[in-house]
Trainee: 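Once you've had a glance at the structure underneath, I'll fire off some questions.
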There are 2 protein chains.
Amino acid sequence: MDQSKKGPRRTGATRRIYMSLREQIESGVYGTGDKLPSSRSLAEEHGVSRTTVTAAFDQLISEGYVEVRQGAKPIVATTASPSRLHPSASTANGARRLSNYAMRAMRLPSHSTAGRKPLKFDFRYGDIAAADFPKQVWKHALTSAFMIHRDRLGYDNPAGSPILRQALQGYLWRARGIRCNPSQIVIVNGSQQALDLCARTLVNPGDSVVIEEPCYAMARNVMLAVGASPVPVACDHDGMDTAGLPDLGQVALAYVTPSHQFPLGGVLSVGRRHRLIEWAKAGNIYVIEDDYDGEYRYDVSPIPPLYLSGQDQVIYVGTVSKTLSPTLRLGYMVLPAPLIDPFIHCKQLADRHSSTYEQEALASLIEAGAYERHVRKMRRSSAARRSIFLRTMTDAFEKEIEIVGTSAGLHVVVWFNRLRAEDEERIAGLAGSNDIGIYPISRLFGTPTDPRAGFIFGYASMDVKSIAEGVSRLAGIIRPLVG
Amino acid sequence: MDQSKKGPRRTGATRRIYMSLREQIESGVYGTGDKLPSSRSLAEEHGVSRTTVTAAFDQLISEGYVEVRQGAKPIVATTASPSRLHPSASTANGARRLSNYAMRAMRLPSHSTAGRKPLKFDFRYGDIAAADFPKQVWKHALTSAFMIHRDRLGYDNPAGSPILRQALQGYLWRARGIRCNPSQIVIVNGSQQALDLCARTLVNPGDSVVIEEPCYAMARNVMLAVGASPVPVACDHDGMDTAGLPDLGQVALAYVTPSHQFPLGGVLSVGRRHRLIEWAKAGNIYVIEDDYDGEYRYDVSPIPPLYLSGQDQVIYVGTVSKTLSPTLRLGYMVLPAPLIDPFIHCKQLADRHSSTYEQEALASLIEAGAYERHVRKMRRSSAARRSIFLRTMTDAFEKEIEIVGTSAGLHVVVWFNRLRAEDEERIAGLAGSNDIGIYPISRLFGTPTDPRAGFIFGYASMDVKSIAEGVSRLAGIIRPLVG
């Protein structure tokens, strides 16, 4: 992030504390893993409230300079050591500096779970149960893909397999009401590559990109890495509050999750959809619609994609990560006509094309109707998981909690009315040491506004029995804290 | 490419003609598909030699402004229309401009073969015969991958599957003499993604990147797209002539194909290896070693990778595109220690990780010894193809040709002593209309130096009978031209 742009939005004292700590980290006064002064002592030192100090820390945490673990004092993050921030200054063999892109990327927190201890009751959002993956069906589909005759194997179409794009055209119409031409569809390695291609193709360093507040961290990170300044717009139970959209000025792109805002779970209201599209039209800006879990909805009528409100303005992004598996790395984009060629060019430069056999396996799954049967099955099992989660949570915590974002998707947010936002990390740590994974919502905020502690609960990776047991155990940990 | 930097290296007249044509294309005087004046008429108009005009056209062709088809007059390339060069000026709905990255990418020629008519005798390099792909073995390996137990499916390690990296460590030692730690290995979607990650992670716009002359087009294109200025260094039968390495100055990175220079086929000599590594060390520059076909060698002792000459300086890139299939999109990098974290960060931002099941299938293939058995089989069948190609070409053309780069790989270059370089495209067009695919070498040169016509012949996608028949047919077409 370009802090010189971000900074002025904060109060003077917050900014002063933030800059002072950041400079001390960058210059190596505090090294990786070093403890930083507590917010209490900093508040005293600067003669300000702890909230002011906390806001500075939040910024440093969100930028990857600082980590907070289980109620301990904040420490300098491993991603923030001088050797990462200024590799040219410190690598032993004097190896050349990294690019500006890589230096920005290194300042961001890693989202890899590699090497982390597995937790027995892990409410990590984004994961799905391995038992739900249709192994036999997928193997059969791959076998079909191998049967497609070809004389030679060469680099394939960078836009993706023609048969998959044809199959997706039909699927998008049946499932999401989207009418498009297969030529508008580009196959990518999951929605992450879609976001990265959008950033590379549409954003220059210094441009502003409208994001949601709170926001999916990897979307924000992609924009920060290309040198964009994210402009967060607050979200409520109706999704992004379009009254807060910025002046168009330097805005190059907007990113939204209209069907089920991530993480708060709001569905973007019709009025806001129109307002967002009008705003985008006025500024000639494209809007990324990340429809990451659009297949899942409960007790509500189908939620139409934003794409239907303005298909010249919207880049629609879909994925099989929530229906088949995040490990497959298959996603797709529906592009406005002027963007088709540029995205195909950039995809080819990035990695030629996505894996052919897996593309064709997905095509065969969709054509045979097996994909939609599987999605219906997943929707039923998710509804059952959601139901047991909501019931056991409500039974355990009654009026102590507020659950939001329940109408769609594979996760909800639970606000604990009598726990404080600043204690989230400590509570998550406590839960972790009891084999329960819960995920603080403040991590996804630029500036948290709700004073309550909130956690994101994904329920797609656990069976109903584990969900019930996990909630019960969690209650045993949290109840004493609110008693 | 930043033409303002590239331009001054050319003669004044070449540059004047180049700029004049480019401006007329950019301003729309000549539209997509329009014929440009012939080199003859331009030579007369400007009072210069046709060589001078040809140099200007070569530059315009290499930058994607101009296309030449089968001896016809040069035309404005589809990639060069004003709507592509200045999308903001012309898109009907006034959609916002593309990023600088995308605008540079759009100026490059597309390397997609999508929609091209298949040719019966296609010597396209990079393709391999579909019959060589071990379908049953690969299906069995995928089945093994499905059997690996896991409770949940979540995003995997961005560096790649630990079991694949472990398996590759052993393979690289056995096959290429490379000793590395699995933590240095990052799995990517084919070598193309490796090149793109190198460009993003190590190059800023305006930096110089040393490339080979002639050079693998997609390596050059990746560097141009990130805004680098390629500095071509001439290659001969011993690979890149390191006497021509530039002053270090603004050089950020170098790219070489030391085991089998693409396309000329030279093997980088020991003295040049040392010189290249010393040069890179002096400038703290990394050198990408693209070992794209290092598994294939004939009549020569194993060619050690450059990596062994300087593992702190070399980024080693390998792929299964030439051993299994280019459609799989699986490759790997061996990184110097300071680059491990930056590359993992950037890979995660790009697409989280490569497809897990395909990574694990490759791991199982390597662990079972089946991969190396397959490589040996491929080496034998390639040797047979190469042998029939060399024999039939020599029989057909005798002293009319010089064949280079025969000691390794899956392609050779054939120089036709009595055909002129400027006729390459016309001859390739003539061959194409007779169902034969041959590929002019001038396309891979910044500035061609050999006055003879040269073509790259890949023989990996055809059986021996088709190779013999293809050569015989080609002789029937070319013999009259040199008679």
Side-chain angles (χ1 to χ4, degrees), chain A residues 87 91 93-96 98-102 105-106 110 112-114 124 126-130 133 135 142 146 150-158 189-190 192-193 196 200-204 221-222 225 284-285 312 325-329 338 342 345-346 348-352 355-356 358 461, chain B residues 87 91 93-96 98-102 105-106 110 112-114 124 126-130 133 135 142 146 150-158 189-190 192-193 196 200-204 221-222 225 284-285 312 325-329 338 342 345-346 348-352 355-356 358 461:
Chain A
T91 49
N93 64 354
R96 199 180 166 85
L98 300 176
S99 68
N100 297 337
Y101 175 83
M106 289 300 284
S110 167
S112 169
T113 57
R124 172 178 294 281
D127 289 3
I128 65 174
F133 182 68
K135 282 186 189 181
L142 276 170
F146 287 134
R150 47 187 106 213
D151 287 327
R152 51 174 59 214
L153 301 169
Y155 295 116
D156 277 333
N157 192 327
N189 309 328
Q192 185 66 31
Q193 189 175 46
D196 189 40
R200 294 183 89 173
T201 307
L202 297 168
V203 181
N204 283 328
N221 287 353
V222 159
N284 297 324
I285 291 164
D312 288 340
S325 172
T327 63
L328 281 177
R329 315 310 306 128
H345 255 68
C346 293
Q348 187 176 36
L349 286 168
D351 60 7
R352 289 271 188 182
S355 169
T356 302
E358 294 195 334
S461 66
Chain B
T91 50
N93 64 353
R96 197 178 168 86
L98 300 177
S99 69
N100 297 336
Y101 176 83
M106 290 301 283
S110 166
S112 170
T113 56
R124 173 178 292 282
D127 289 4
I128 65 174
F133 182 67
K135 281 186 189 180
L142 276 169
F146 286 134
R150 47 186 108 216
D151 288 327
R152 53 174 58 213
L153 301 170
Y155 296 116
D156 278 332
N157 192 327
N189 309 329
Q192 186 66 32
Q193 189 176 44
D196 189 40
R200 293 183 90 174
T201 307
L202 297 168
V203 180
N204 282 329
N221 288 352
V222 158
N284 297 324
I285 290 163
D312 288 340
S325 173
T327 62
L328 281 177
R329 315 310 307 127
H345 255 68
C346 293
Q348 188 177 36
L349 286 166
D351 60 7
R352 290 269 189 183
S355 170
T356 302
E358 294 196 334
S461 66

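Keep in mind that the numbers below use all heavy atoms, side chains included, and drop hydrogens, waters and symmetry copies. To find a chain, count down the sequence lines: A is the first, B the second, and so on, and within it residues start at 1.
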Trainee: I'd like to know if A:Asp196 pairs up with B:Arg200 as an ion pair, taking the criterion as any Lys NZ or Arg NE/NH1/NH2 lying under 4.0 Å from an Asp or Glu carboxylate oxygen.
Mentor: yes

Trainee: Determine the minimum heavy-atom distance between B:His345 and A:Ala105, stating which atoms define it.
Mentor: CD2-O, 2.9 Å

Trainee: Can you name the nearest heavy-atom pair linking B:Met106 to A:Pro342, along with the distance?
Mentor: SD-CA, 3.4 Å

Trainee: Name the member of B:Pro158, B:Gly154, B:Gly126, B:Ala129 that forms the most heavy-atom pairs with chain A at distances under 4.5 Å.
Mentor: B:Gly154

Trainee: Evaluate the side-chain proximity of A:Gln192 to B:Gln348: yes if any heavy-atom separation is below 4.5 Å, no if none is.
Mentor: no

Trainee: For B:Asn189, which atoms come within 4.5 Å of any heavy atom of chain A: side chain, backbone, both, or neither?
Mentor: both

Trainee: Please round to the nearest 0.5 Å and tell me the distance separating atom OG1 of B:Thr327 and atom CZ of A:Arg352.
Mentor: 12.5 Å

Trainee: Are side-chain heavy atoms of A:Thr356 and B:Leu328 found at a separation under 4.5 Å?
Mentor: no

Trainee: Where is the tightest heavy-atom contact between B:Leu153 and A:Pro326, given as atom of each residue plus distance?
Mentor: O-CG, 3.3 Å

Trainee: Answer with side chain, backbone, both or neither: which region of A:Asp151 has an atom nearer than 4.5 Å to a non-hydrogen atom of chain B?
Mentor: backbone

Trainee: Would you name the heavy atoms of A:Asn204 and B:Asn100 that are closest together and state the gap between them?
Mentor: OD1-N, 2.8 Å

Trainee: Give the minimum heavy-atom separation between A:Asp351 and B:Arg329, together with the two atoms involved.
Mentor: O-NE, 3.1 Å

Trainee: Of the backbone (N, CA, C, O) and the side chain (C-beta and beyond), which part of B:Leu142 lies under 4.5 Å from a heavy atom of chain A, both, or neither?
Mentor: side chain

Trainee: Side-chain contact test, heavy atoms from C-beta onward, threshold under 4.5 Å: evaluate it for A:Leu202 versus B:Ser99 and give yes or no.
Mentor: no

Trainee: For B:Val222, is it the side chain, the backbone, both, or neither that has a heavy atom closer than 4.5 Å to a heavy atom of chain A?
Mentor: both

Trainee: Quick one: which of B:Ser355, B:Ser325, B:Ser461, B:Ala102 has the most heavy-atom pairs under 4.5 Å with chain A, could you say?
Mentor: B:Ser355

